[in-house]
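It should be emphasised that the depicted structure is a prediction, and the values quoted were computed from it without experimental measurement. Counting convention: from 1, in listed order, for ligands and their atoms alike.
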Amino acid sequence: MTTKPKVLISDKMDPNAARIFEARGCDVDVITGETPEQLIARIGEYDGLAIRSSTKVTKEVLAAAKNLKVIGRAGIGVDNVDIPAASAQGVVVMNTPFGNSITTAEHAIAMIFALARQIPEANARTQAGEWPKNAFMGVEVTGKTLGLIGAGNIGSIVASRALGVKMKVVAFDPFLTPERAVEMGVEKVELDALLERADFITLHTPLTDQTRNILSRENLLKTKNGVRIVNCARGGLIDEDALKDLLVSGHVAGAALDVFKTEPAKDSPLFGAPNFICTPHLGASTTEAQVNVALQVAEQLADYLVNGGVTNALNMPSLSAEEAPKLKPYMKLAEQLGSMVGQLTRDSVPRISIHTEGAAAELNMKPMVAAVLAGFLRVQSDTVNMVNAPYLAKERGLEVREVKTEREGDYHTLIRVSVKTESGERSVAGTLFNNVEPRLVELFGIKVEAELAGHMMYIVNEDAPGFIGRIGTLLGENGINIGTFNLGRREAGGEAVLLLSVDSAVPETVLKQACALPGVKLVKALAFA
Ligand SMILES: NC(=O)C1=CN([C@@H]2O[C@H](COP(=O)(O)OP(=O)(O)OC[C@H]3O[C@@H](n4cnc5c(N)ncnc54)[C@H](O)[C@@H]3O)[C@@H](O)[C@H]2O)C=CC1
Ligand SMILES: O=C(O)CCC(=O)C(=O)O
């Protein structure tokens with residue numbers, strides 16, 4: 001009986017998420033509000049973890065997550081997950097990049113209006129019985145310039161809404177193409193120009209080394225006198241102390257933050273500053289957005305745990321549930337070929353090339369490349385998988401080349417894996433029989449036809465009569481049963497290879513005896529998953 005994948009939902013999430021996990025064949029626990037220590041004590045039993053922003057998936061949590069295969073963020077920002085540590089551990093990290101974009105954009109627009117008309121303070125004072133009609137003088141947004149920092153999914157929705165209320169939008173985003181800017185109806189500008197021209201500034205970038213403190217004191221001082229600033233992206237994008245000083249001096253006429261450098265923000269320097277309004281990271285908090293992201297994250301995680309489908313992964317190539325069954329035998333073949341080369345190569349390898357030919361070349365190559373690398377590097381570490389293999393390859397300075405030839409060669413479909421070593425280029429190639437059964441068809445230039453499975457022996461010898469009998473006798477005398485027997489040679493009487501599958505691991509002593517047989521040049525034990 002196969003055991004069901006176990007999923008933990010550790011942040012408050014729409015209840016439909018748990019229902020989807022159950023319907024898709026997962027066991028699910030919903031346990032929210034735990035301390036990091038409680039999460040560390042619990043996480044070891046789970047295959048999947050579904051979170052929002054409260055759960056911090058740190059190195060320590062990951063170290064305890066011995067069975068964890070996938071983390072799903074019901075939302076966009078994944079700065080609460082240590083992605084490098086997850087990748088190094090082979091854990092896939094997914095997010096739901098679109099489910100809450102409209103909602104968050106609407107929150108930013110709401111903040112713009114709240115600032116323009118000082119609605120929160122006017123509301124509080126009116127309800128306090130003051131009727132302070134003369135205390136508030138707002139500004140119109142019509143005709144004003146909105147400076148958009150970050151013009152991705154949310155930024156572009158904000159732009160469209162702002163254009164709808166007759167604002168002019170200028171955008172700073174190094175990755176925004178001029179064509180896309182035209183399509184969005186915004187003017188692409190440099191940051192300094194935006195700071196100089198904007199009446200309102202709104203931030204919609206992730207928090208990265210490039211964006212951290214993008215509104216630094218120096219940049220805040222470049223803004224127009226009377227500017228109003230909105231941040232519904234991430235704390236850390238603005239220097240909070242400098243913003244407070246400029247609110248107090250009046251240079252900044254208002255600021256609205258949904259996000260803070262430290263969250264939960266219990267004692268920000270900004271609290272109580274003039275014309276400052278804030279919300280407790282509510283950008284994504286609408287019924288619609290929370291249903292969207294909860295359903296999406298549950299579908300994605302279940303898809304991965306049950307079918308191997310990969311959607312919206314941040315550390316692994318995407319693989320749709322439709323693609324997954326077609327690619328699965330190719331990934332097995334790719335991993336076996338990588339493993340074969342890894343097990344048979346002793347020299348250091350500065351470069352590995354993966355070449356797909358025929359039907360294989362029409363498929364998504366990234367998962368096959370990741371599988372080759374996983375097979376190749378597993379010889380060096382048994383914790384390697386498809387998620388961490390590309391990172392490890394990079395870390396170890398292994399150059400990875402990808403080549404596609406759509407034309408068929410000798411086989412309707414073929415994957416070739418070549419490595420560059422000190423002694424030259426060596427390659428192995430394999431195909432799929434009946435589109436599902438992986439077969440090795442070429443081994444270092446010699447044609448063979450072998451299934452790679454379980455325990456195997458690889459022998460290089462001089463092609464001479466009597467050898468097969470001698471090796472068979474040796475293995476028989478040592479109680480080792482031969483499953484399959486595959487021969488190949490360069491030419492009659494030349495170098496030959498023998499690839500045997502055996503029913504049990506071949507002891508070192510037997511390998512040595514095989515090596516001592518006449519004409520034998522090399523003997524190696526191999527193992528395949
Ligand atoms: N307050 C909340 O509850 C929510 C906050 N967010 C935050 O909003 C952010 C933006 O989300 P999306 O628009 O979906 O992301 P996105 O990835 O679609 O867009 C981000 C944009 O920032 C741009 N960018 C990157 N580096 C930049 C730089 N140095 N200067 C200027 N622009 C730069 C990118 O080119 C991209 O266009 C997320 O990273 C997330 O942290 C998202 C959802 C809810
Ligand atoms: O889940 C939430 O409430 C926060 C959403 C968010 O910040 C994000 O999706 O990046």
Side-chain angles (χ1 to χ4, degrees), residues 9-14 17 32 50-57 72-81 83 93-111 147-161 170-178 180-181 183-184 186 188-195 198 201-216 219 230-238 256-261 263-265 278-294 296-297 312 314:
I9 298 179
S10 64
D11 284 331
K12 201 166 177 315
M13 212 171 276
D14 186 89
T32 60
I51 57 168
R52 276 176 66 192
S53 54
S54 300
T55 300
K56 310 289 176 228
V57 189
R73 158 70 155 119
I76 298 171
V78 279
D79 35 325
N80 51 331
V81 180
I83 296 183
V93 181
M94 298 172 170
N95 71 349
T96 57
F98 310 108
N100 62 23
S101 321
I102 291 176
T103 277
T104 307
E106 287 183 358
H107 199 65
I109 294 288
M111 291 295 220
L148 196 68
I149 301 182
N153 292 323
I154 297 174
S156 56
I157 299 169
V158 169
S160 77
R161 305 304 191 258
V170 296
F172 168 66
D173 184 329
F175 306 100
L176 175 68
T177 62
R180 175 74 184 137
E183 201 183 312
M184 283 169 60
V186 306
K188 181 175 156 77
V189 294
E190 289 306 320
L191 182 59
D192 277 356
L194 180 149
L195 299 174
I201 294 175
T202 183
L203 292 144
H204 299 288
T205 68
L207 181 65
T208 64
D209 288 345
Q210 287 70 44
T211 60
R212 193 179 309 281
N213 229 10
I214 193 162
L215 291 187
S216 59
N219 280 343
V230 171
N231 186 8
C232 291
R234 279 295 176 269
L237 297 177
I238 305 182
L257 302 195
D258 181 48
V259 286
F260 288 83
K261 193 170 168 194
E263 292 184 10
C278 61
T279 45
H281 204 143
L282 291 184
S285 296
T286 62
T287 316
E288 294 84 351
Q290 286 315 309
V291 170
N292 283 346
V293 295
Q296 211 178 324
V297 86
N312 297 325
L314 297 146

Hey, is [X] one of the residues with a heavy atom under 4.0 angstrom from ligand 1?
{"X": "Ser101", "answer": "no"}
{"X": "Gly75", "answer": "no"}
{"X": "Asp258", "answer": "yes"}

Residue Ile102 excluded, over 12 heavy atoms near CD1 under 6.0 Å |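 Count not over threshold, so no.
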Pairs of nitrogen or oxygen atoms, one from ligand 2 and one from the protein, closer than 3.5 Å: please tabulate them with distances.
{"residue": "ligand 2", "atom": "1 (O)", "partner": "Arg52", "partner atom": "NE", "Å": "3.0"}
{"residue": "ligand 2", "atom": "1 (O)", "partner": "Arg73", "partner atom": "NH1", "Å": "3.1"}
{"residue": "ligand 2", "atom": "3 (O)", "partner": "Arg52", "partner atom": "NH2", "Å": "2.7"}
{"residue": "ligand 2", "atom": "7 (O)", "partner": "Arg73", "partner atom": "NH2", "Å": "3.4"}
{"residue": "ligand 2", "atom": "7 (O)", "partner": "Arg234", "partner atom": "NH1", "Å": "3.0"}
{"residue": "ligand 2", "atom": "7 (O)", "partner": "Arg234", "partner atom": "NH2", "Å": "3.1"}
{"residue": "ligand 2", "atom": "7 (O)", "partner": "His281", "partner atom": "NE2", "Å": "2.7"}
{"residue": "ligand 2", "atom": "9 (O)", "partner": "Ile76", "partner atom": "N", "Å": "2.5"}
{"residue": "ligand 2", "atom": "9 (O)", "partner": "Asn100", "partner atom": "ND2", "Å": "3.0"}
{"residue": "ligand 2", "atom": "10 (O)", "partner": "Arg73", "partner atom": "NH2", "Å": "3.3"}
{"residue": "ligand 2", "atom": "10 (O)", "partner": "Gly77", "partner atom": "N", "Å": "2.6"}
{"residue": "ligand 2", "atom": "10 (O)", "partner": "Arg234", "partner atom": "NH2", "Å": "2.7"}

Using a 4.0 Å heavy-atom cut-off, say whether [X] meets ligand 1 through its side chain, its backbone, both or neither.
{"X": "His107", "value": "neither"}
{"X": "Asp79", "value": "neither"}
{"X": "Ala151", "value": "backbone"}
{"X": "Phe172", "value": "both"}
{"X": "Thr104", "value": "side chain"}
{"X": "Asn153", "value": "both"}
{"X": "Arg234", "value": "side chain"}

Where the side chain of Asp173 meets the backbone of Ala151, is there a donor-acceptor pair that is under 3.5 Å apart?
-> yes
Residue selection (non-hydrogen contact nearest atom 22 (O) of ligand 1) among Gly235, Gly152, Ala171, Pro206 =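 It is Pro206 that holds the nearest heavy atom.
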Nearest-option assignment for atom 23 (C) of ligand 1, heavy atoms, candidates Asp173, Val259, Val158 |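 Selected option, by shortest heavy-atom distance: Asp173.
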Who's the nearest protein heavy-atom neighbour of atom 2 (C) of ligand 1, and how far?
-> His281 NE2, 3.4 Å
Numbered atoms of ligand 1 (with element) below 4.0 Å of Thr211, judged on heavy atoms |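 Numbered from 1, ligand 1 contributes 26 (N), 27 (C), 28 (C), 29 (N).
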Over all heavy atoms of both residues, which pair between Ala294 and Asp14 is shortest? Give the atoms and the distance, please.
->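 Closest pair (atom of Ala294, atom of Asp14, distance): CB-CB, 3.6 Å.
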